[in-house]
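Convention: sequence-line order gives letters A, B, ...; per-chain numbering from 1.
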There are 2 protein chains.
Amino acid sequence: MEDFENNHAQDLDSETIFIVSQTFKALGDPTRIRILNLLFTKECSVNEIAETLDIRQSTVSHQLRFLKNLRLVKYRREGTSLYYSHDDEHVMLILKQMIDHACHS
Amino acid sequence: MEDFENNHAQDLDSETIFIVSQTFKALGDPTRIRILNLLFTKECSVNEIAETLDIRQSTVSHQLRFLKNLRLVKYRREGTSLYYSHDDEHVMLILKQMIDHACHS
DNA sequence: TCGATATATGTTAATGTGTTCATATAATAC
DNA sequence: GTATTATATGAACACATTAACATATATCGA
């Protein structure tokens, strides 16, 4: 039997495992969670993120690159500033669910 | 304004951040994903998990302890065997969503 | 009590991760 | 062109993580 839409196979194929673990790994860090949670509300420049969350600019930039590689965020330029926003509705929904889950426990 | 049920604060409180990142970290490893995915279907003994997924017994045991500490799995004893099953419906639902998400991308 | 089986645990080595500092690049205004 | 501001990048370090091996513990049956 094919197992295309119905994921109850005994084991997953390696590509699926890779993507899923990579994405959860992205969400498995306090700094990245805070950044994504901020981007929930609004688009932000790198400096806005750094100042709002009190994290060094280079740290924010490194983590944004990480999130960008996974297509979890995108940006647009405006002068010398880059405005970042989230780029994966589904993953953001999953993040929101986990935050709600944590708040109720 | 209070921000109890409505999580769109600029920043999250540190305990929420900790729980959320810990839980995602648990899901951010290929071995643990495979184990949890197997437990989706059915309760399994440690050996069953190790054999089905072709992972060493000690590795499975270590990862199960990890998942147990986060209350993501539970077990019952039957003779010398321990039968593990999942113990957090909500997190399992989140895992399933991410797997489906990965399959459609 | 002893042997067999199932599982857990301690240790170690290799690898990966996150932050920092220093510096480079890019866009803009002058 | 230069200065200024915003952001990215590279290197280095401390720390965490993973899997493997060896060994310990626990349950059961004889």
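Under the salt bridge (Lys or Arg N to Asp or Glu O under 4.0 Å) criterion, A/K42 pairs with no residue at all, not counting sequence neighbours. Applying the salt bridge (Lys or Arg N to Asp or Glu O under 4.0 Å) criterion to A/D11, with sequence neighbours excluded, gives B/R34. Under the rule for a salt bridge (Lys or Arg N to Asp or Glu O under 4.0 Å), the partners of A/D87 that lie at least two apart in sequence or sit in another chain are A/K74. A search for salt bridge (Lys or Arg N to Asp or Glu O under 4.0 Å) contacts involving B/E43 returns B/R76, not counting sequence neighbours.
From one end of the helix from C/dT1-D/dA30 to C/dC30-D/dG1 to the other, with five pairs defining each end axis, the axis direction shifts by 20° (rounded to 10°).
Evaluation of the side chain to side chain donor-acceptor pair (under 3.5 Å) test over residues 23-33 of chain A, restricted to residues two or more places apart or in two chains, returns A/R32-A/Q63. Among residues at least two apart or in separate chains, ring pair (Phe, Tyr, Trp, His ring centres under 6.0 Å) pairs with a member in residues 53-81 of chain B are B/Y75-B/Y84. For residues 54-70 of chain B, no pair satisfies salt bridge (Lys or Arg N to Asp or Glu O under 4.0 Å), with sequence neighbours left out. Every pair passing ring pair (Phe, Tyr, Trp, His ring centres under 6.0 Å) that includes a residue from residues 15-36 of chain A is listed here, sequence neighbours excluded: A/F24-B/F24.
Mapping heavy-atom proximity under 4.0 Å, the span of DNA chain D touched by chain B runs 5' to 3' from D/dT17 to D/dC28.
Each of A/Y83 and A/F40 belongs to its own hydrophobic cluster when Ile, Leu, Val, Met, Phe, Trp and Tyr are linked at side-chain heavy-atom distances under 4.5 angstrom.
A close approach under 4.0 Å does not occur between any side-chain nitrogen or oxygen of B/N47 and OP1 or OP2 of C/dT5.
Between the CD1 atom in A/I35 and the NE2 atom in A/H86 there is a gap of 14.5 Å [rounded to 0.5 Å].
Counting only heavy atoms from C-beta outward, the side chains of B/I49 and B/I55 never approach each other to under 4.5 Å. In this structure, A/I33 and B/T16 have side chains that are not in contact, with every pair of non-hydrogen atoms separated by 4.5 Å or more.
For DNA chain C, the residues of residues 71-81 of chain B within the heavy-atom distance limit of 4.0 Å (strictly under) are B/T80, B/S81, sorted by number.
C/dA27 atom P lies 9 Å from atom CG of A/L82, rounded to whole Å.
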Letter per nucleotide, 5' to 3', of nucleotides 15-20 of chain C [B base touched, S only sugar-phosphate touched, - untouched; heavy atoms, 4.0 Å]: --SSSB
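The side chain of B/R65 sits closest to C/dT9 out of C/dT9, C/dA6, C/dA8.
Counting only distance, with no hydrogens or angles, the side chain of A/S61 and the backbone of A/Q57 share no donor-acceptor pair below 3.5 Å.
Using a 4.0 Å heavy-atom cutoff across all strands shown, A/Y83 reaches no nucleic acid atom at all.
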